[in-house]
Amino acid sequence: MRIGIMGLGRIGSFHAETLAGLDGVDSLVVTDPVAAAVATATERFGATATDSPEALLAAGVDGVVIAAATDAHPDLILAAVRGGIPVFCEKPVARGVEESLEVLRAVEGSGVEVHIGYNRRFDAGFAAARRAVLSGELGDLHTVRSTTLDPAPPPLAYVAVSGGIFRDCGVHDFDIVRWVTGREVVEVYATGGNRGAEYIREAGDVDTASALLTLDDGTIAVISDSRHNARGHDVRLELHGMKDSIAVGLEDRLPLHLDDRVVVRTAAGERTEELGRRSSYTYQLEAFAAHLRRGTPLTLDAADALTTMRLIDDCYRAAGFPVRPRAVLPATA
Ligand SMILES: NC(=O)c1ccc[n+]([C@@H]2O[C@H](COP(=O)([O-])OP(=O)(O)OC[C@H]3O[C@@H](n4cnc5c(N)ncnc54)[C@H](O)[C@@H]3O)[C@@H](O)[C@H]2O)c1
């Protein structure tokens with residue numbers, strides 16, 4: 001199989017390395033406006049360089065992996081769909097609902113499969129949590145908490161085209177809450193603020209945000225995201241039901257300063273900083289390659305991703321980012 005990769009930044013170069021090692025992938029064709037990134041991929045993986053997405057799509061690829069900056073996703077997806085080439089595109093589909101809808105309309109009826117890369121759905125810990133919920137093992141849920149804390153903010157150039165913290169970072173939490181519980185959200189409250197990098201505020205974004213969601217069975221879900229976590233990348237999910245509770249991401253590398261008496265050993269969760277290890281990132285590309293080879297179904301399509309984008313828009317409306325009047329409580333005497 002010949003796979004195209006559009007975008008060779010942080011995640012694109014990692015995907016190139018994974019794809020180069022997958023069974024059934026014979027060759028890679030790559031493109032990125034940054035010449036040095038292309039040169040590295042040709043040297044390391046013997047990839048064929050092309051000077052534009054159009055040239056890549058004309059190079060006889062069986063499927064394309066889109067790992068370009070978020071603002072480029074819609075045009076690149078649409079170009080691949082027009083060419084009849086199956087797509088794996090990194091999350092999110094686009095920076096907002098309007099652009100995502102445009103993509104969805106083009107995909108529907110095209111006969112071309114478009115898979116959106118929400119890697120947590122391929123993580124063993126999150127999959128175990130979903131099984132525990134859907135089998136009834138936890139009983140009726142009452143509370144879900146989903147956390148994504150990045151070790152340090154991405155650079156301004158990334159923030160500026162990311163769509164904002166909920167669409168860029170929180171999108172994993174919104175997706176995983178929907179997927180693990182199998183429920184949809186009926187009510188939202190959201191807020192956010194800036195305590196860290198000044199350029200994030202100047203870009204009209206917040207560095208820390210939370211959303212409070214009511215699911216259609218009455219479960220309350222709390223989402224907590226930040227660009228600042230001094231101890232490292234923290235991805236956790238906790239589910240509490242009437243019969244039992246389960247947590248994902250509490251393991252011996254949990255970046256939290258625990259009480260000396262506490263030892264945490266439970267199911268491992270995904271950590272982005274493990275980009276070198278075999279992980280959910282590998283499994284999702286294996287699933288894409290299997291789809292190209294044998295037509296096995298993909299787990300998340302553009303329509304499912306659009307539902308998450310709509311939910312995020314509701315949260316933005318609720319929060320009134322970037323600036324909103326705040327009720328200031330009178331200081332206590
Ligand atoms: N699933 C995850 O956990 C995860 C992790 C990181 C990034 N991402 C997503 O992957 C995407 C890229 O993130 P990143 O961290 O690698 O960013 P990055 O800034 O490191 O890299 C983006 C690359 O895209 C290239 N690019 C821009 N426009 C392009 C175009 N039209 N055609 C080809 N290449 C183009 C840029 O030159 C750059 O090399 C973002 O959408 C991000 O949300 C997902």
Side-chain angles (χ1 to χ4, degrees), residues 1-21 25 27-96 98-100 102-103 106-107 112 114-117 119 150 152-165 167-169 171 197 199-200 202-205 227 272 275 281 284-285 288 302 305:
M1 254 182 323
R2 192 167 163 82
I3 309 273
I5 307 176
M6 297 173 170
L8 293 164
R10 189 171 62 114
I11 198 85
S13 54
F14 173 63
H15 286 337
E17 185 175 353
T18 304
L19 287 163
V25 176
S27 60
L28 301 178
V29 185
V30 297
T31 190
D32 192 301
V34 177
V38 173
T40 303
T42 55
E43 271 162 38
R44 285 186 64 200
F45 314 116
T48 302
T50 54
D51 58 10
S52 69
E54 295 73 27
L56 183 149
L57 293 171
V61 290
D62 298 293
V64 66
V65 168
I66 299 174
T70 298
D71 61 329
H73 291 182
D75 283 351
L76 297 178
I77 296 174
L78 295 176
V81 168
R82 277 195 300 274
I85 299 171
V87 174
F88 170 100
C89 180
E90 262 306 339
K91 47 56 57 176
V93 180
R95 283 176 297 178
E98 278 313 308
E99 284 182 334
S100 307
E102 200 186 320
V103 171
V107 171
V112 179
V114 174
H115 176 79
I116 307 300
N119 56 290
D150 288 339
L156 174 60
Y158 181 99
V159 170
V161 296
S162 69
I165 192 169
R167 295 189 188 99
D168 180 59
C169 164
V171 73
Y199 64 83
I200 295 184
E202 284 163 8
D205 201 355
R227 299 297 197 183
T272 303
L275 286 182
Y281 294 95
Q284 64 176 358
L285 289 177
F288 184 58

Is any side-chain heavy atom of Pro154 closer than 4.5 Å to a side-chain heavy atom of Arg227? yes
So, do Asp51 and Thr31 sit near enough that their side-chain heavy atoms are less than 4.5 Å apart? no
Check: Leu78 and Glu102 side chains under 4.5 Å, non-hydrogen atoms: yes
Nearest atoms (heavy-atom pairs only) where Leu8 meets Ala41: CD1-CB, 4.0 Å
Taking Leu76 as the fixed residue, which of Ile66, Val87, Leu57 is the one that meets the side-chain contact (heavy atoms from CB on, under 4.5 Å) rule? Ile66
Start with the C-alpha distance between Ile5 and Val29, add both sets of side-chain angles, then the distance that settles side-chain contact (heavy atoms from CB on, under 4.5 Å), and finish with yes or no. CA-CA 6 Å; Ile5 307 176; Val29 185; over 6 Å; no
Mind checking whether Tyr199 and Val159 have side chains closer than 4.5 Å, heavy atoms only? yes
Side-chain heavy-atom pair Val107, Val112 within 4.5 angstrom cut-off: no
Quick one: are Val64 and Pro86 in side-chain contact, heavy atoms under 4.5 Å? no
Would you please test Thr40 and Ser13 for side-chain contact (heavy atoms from CB on, under 4.5 Å) and show each step? CA-CA 9 Å; Thr40 303; Ser13 54; over 6 Å; no
Hey, could you give me the CG/CG distance between Leu19 and Leu28, rounded to the nearest 0.5 Å? 6.0 Å
Calculate, to the nearest 0.5 Å, the distance between atoms CD1 and CD belonging to Ile77 and Glu99 respectively. 10.0 Å
Could you label the plane-to-plane angle of the Phe88 and His15 rings as parallel, tilted or perpendicular, counting under 30° as parallel and over 60° as perpendicular? perpendicular
Let me see the working for Asp168 and Lys91 under salt bridge (charged side-chain N to carboxylate O under 4.0 Å, His left out), right down to the final yes or no. CA-CA 8 Å; Asp168 180 59; Lys91 47 56 57 176; 3.5 Å; yes
From Arg95 CZ over to Arg167 CZ, what is the distance, rounded to the nearest 0.5 angstrom? 9.5 Å
Validation row: Val61, Leu56 side chains within 4.5 angstrom (heavy atoms): yes
Between Phe288 and His115, is the ring centroid distance below 6.0 Å? no
Going by heavy atoms in the side chains, are Thr48 and Ser27 under 4.5 Å from each other? no
In sequence, state the C-alpha distance, the side-chain angles, and the governing distance for Asp62 and Arg2, and then conclude on salt bridge (charged side-chain N to carboxylate O under 4.0 Å, His left out). CA-CA 6 Å; Asp62 298 293; Arg2 192 167 163 82; over 6 Å; no
